There are 2 protein chains.
Amino acid sequence: MLRYICTMGIVRRTKSVDAILEEFKINSGAISVVSLVDQLSSRFNKTTVYRVLDRLEEDGILHSFLGKTGIKWYAKCSGCSASEHHDVHPHFQCLSCGKVDCLTVNVRIPSIPNRKVEASQILLQGQCEACLV
Amino acid sequence: MLRYICTMGIVRRTKSVDAILEEFKINSGAISVVSLVDQLSSRFNKTTVYRVLDRLEEDGILHSFLGKTGIKWYAKCSGCSASEHHDVHPHFQCLSCGKVDCLTVNVRIPSIPNRKVEASQILLQGQCEACLV
DNA sequence: TTATTAATGCAACTGTGTTGCAAATGTAAA
DNA sequence: TTTACATTTGCAACACAGTTGCATTAATAA
Ligand SMILES: [Mn+2]
Ligand SMILES: [Mn+2]
Ligand SMILES: [Zn+2]
Ligand SMILES: [Zn+2]
């Protein structure tokens, strides 16, 4: 008997999956993988953290992007699924407190002569609400 | 006798400086550090390449940014100096041929409630003029 | 030509992320 | 409950981009 198994995303509810989802419940913004690995280092191996994040992204539960210095950040998706990630938006990093989060604003990319824009990564930096005195 | 020396940027015209500037004369777009190190590996050490690029950026001759995968790219500045880098613009990476270059378009960042935007990194991806059939 | 010090090469290192594989664990079926 | 087995994990080793310290070389001003 032949079975077609599509292995991707989260299949089993493990302790590491719960722990990582819990972090995103506590923290409403984006979380860097570096800090997540550090935070969970006593309970899970860094490889596990990287792999669980991968799977959560495949499932459309989290999405990722690179911060200013090239390290990876994850944030919760809203309204994405394993089949479609339509969660494209700018991210904002506070230069004072370092907090990073998703923006709901829509940045209009002007059409560029002789080029077809298919994707965009926008990272804004400045002062967040808490740090604006 | 005391002398105040401000060591930054290019002070001496060396072979590596000339070789790297030559690469940017040949190639009008952006060049990744990885490919530059590779290209020049028979003549210069990678550390030298990194350091010369640093200095050229300090001088306002080149500017740098990160590509989609987090590796560093450099491109020529136009109208910058050691004192002011006012060369902020989006960059475009072709998904077909991999070519990366600077865009002259002005992307308007909408004002964001309760936040002060002080900097922006915008990377667009799609098809370049050559790859648009 | 000489003295000075910027620039270079090299080797070793750092930080982020990945891979292969054996062992452990979650889950569905018996 | 027990069993069977694919998924998930931990570990160690690795890959890769970029950095650092230091002795040596070379550009330049005197
Ligand atoms: Mn986001
Ligand atoms: Mn540019
Ligand atoms: Zn802040
Ligand atoms: Zn192209």
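Throughout, a chain's letter reflects where its sequence line sits, starting with A, and its residues are numbered from 1. Since the structure is predicted, the reported quantities are computational estimates derived from the model, not experimental observations.
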TODO: Output the distance between atom CD1 (B/Ile109) and atom CD1 (A/Ile122), rounded to the nearest 0.5 Å.
DONE: 5.5 Å
Open item on the list: Is there a side-chain contact between A/Lys46 and the phosphate of C/dT18, meaning an N or O under 4.0 Å from OP1 or OP2?
Closed with: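 So the side chain of A/Lys46 is outside the cut-off, no N or O lying under 4.0 Å from OP1 or OP2 of C/dT18.
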Task: C/dA7 OP1/OP2 closer than 4.0 Å to side-chain N/O of B/Arg13 - done: no
- [ ] Go through C/dG9, D/dA17, C/dG20 for me and flag the one nearest to the B/Asn45 side chain.
- [x]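 Closest nucleotide to the B/Asn45 side chain: C/dG9.
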Task: Proximal nucleotide (of D/dG18, D/dG10, C/dG9) relative to the B/Phe44 side chain - done: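 Minimum distance to the B/Phe44 side chain belongs to C/dG9.
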TODO: Establish whether the base of C/dT5 is bridged to the side chain of B/Arg12 by a donor-acceptor pair shorter than 3.5 Å.
DONE: yes
Open item on the list: Angle between ring planes, B/His91 versus B/Phe65, binned at 30° and 60°: parallel, tilted or perpendicular?
Closed with: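 Parallel.
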TODO: Starting from the C-alpha separation in whole Å, work towards a yes-or-no answer on side-chain contact (heavy atoms from CB on, under 4.5 Å) for B/Leu66 and B/Gln121.
DONE: CA-CA 9 Å; B/Leu66 302 185; B/Gln121 286 90 50; over 6 Å; no
Whole-Å gap separating [atom2] ([N]) and [atom1] ([X]):
X	N	atom1	atom2	result
A/Leu53	C/dT16	CG	P	15 Å
B/Ile20	C/dA7	CD1	P	12 Å
A/Ile71	D/dC16	CD1	C1'	17 Å
B/Leu21	C/dA7	CG	P	13 Å
A/Asp18	D/dT8	CG	P	13 Å
A/Glu58	D/dT8	CD	P	10 Å
A/Leu40	D/dG10	CG	P	11 Å
B/Arg55	D/dA27	CZ	C1'	12 Å

- [ ] Would you check if B/Ile20 and B/Leu53 make a side-chain contact, meaning some heavy-atom pair closer than 4.5 Å?
- [x] yes
Task: Close side-chain approach of B/His63 to B/His89, heavy-atom, < 4.5 Å - done: yes
Just checking [X]: base, sugar-phosphate only, or nothing, at a heavy-atom cut-off of under 4.0 Å?
X	result
B/Thr14	sugar-phosphate
A/Arg51	base
A/Val37	nothing

TODO: Using heavy atoms to find the nearest nucleotide of DNA chain C for A/Val34 and B/Arg43 separately, return the residue whose nucleotide is more 5′.
DONE: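 Checking each residue's closest nucleotide, the 5'-ward one belongs to B/Arg43.
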Open item on the list: Using heavy-atom distances to pick each residue's nearest nucleotide on DNA chain D, tell me which of B/Lys15 and B/Asp54 is more 5'.
Closed with: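 Residue closer to the 5' terminus by nearest nucleotide: B/Asp54.
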TODO: Please tell me which of A/Ile10 and B/Trp73 maps to the more 5' nucleotide of DNA chain D, matching each residue to the nucleotide holding its nearest heavy atom.
DONE: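 On the 5' side of the pair lies A/Ile10.
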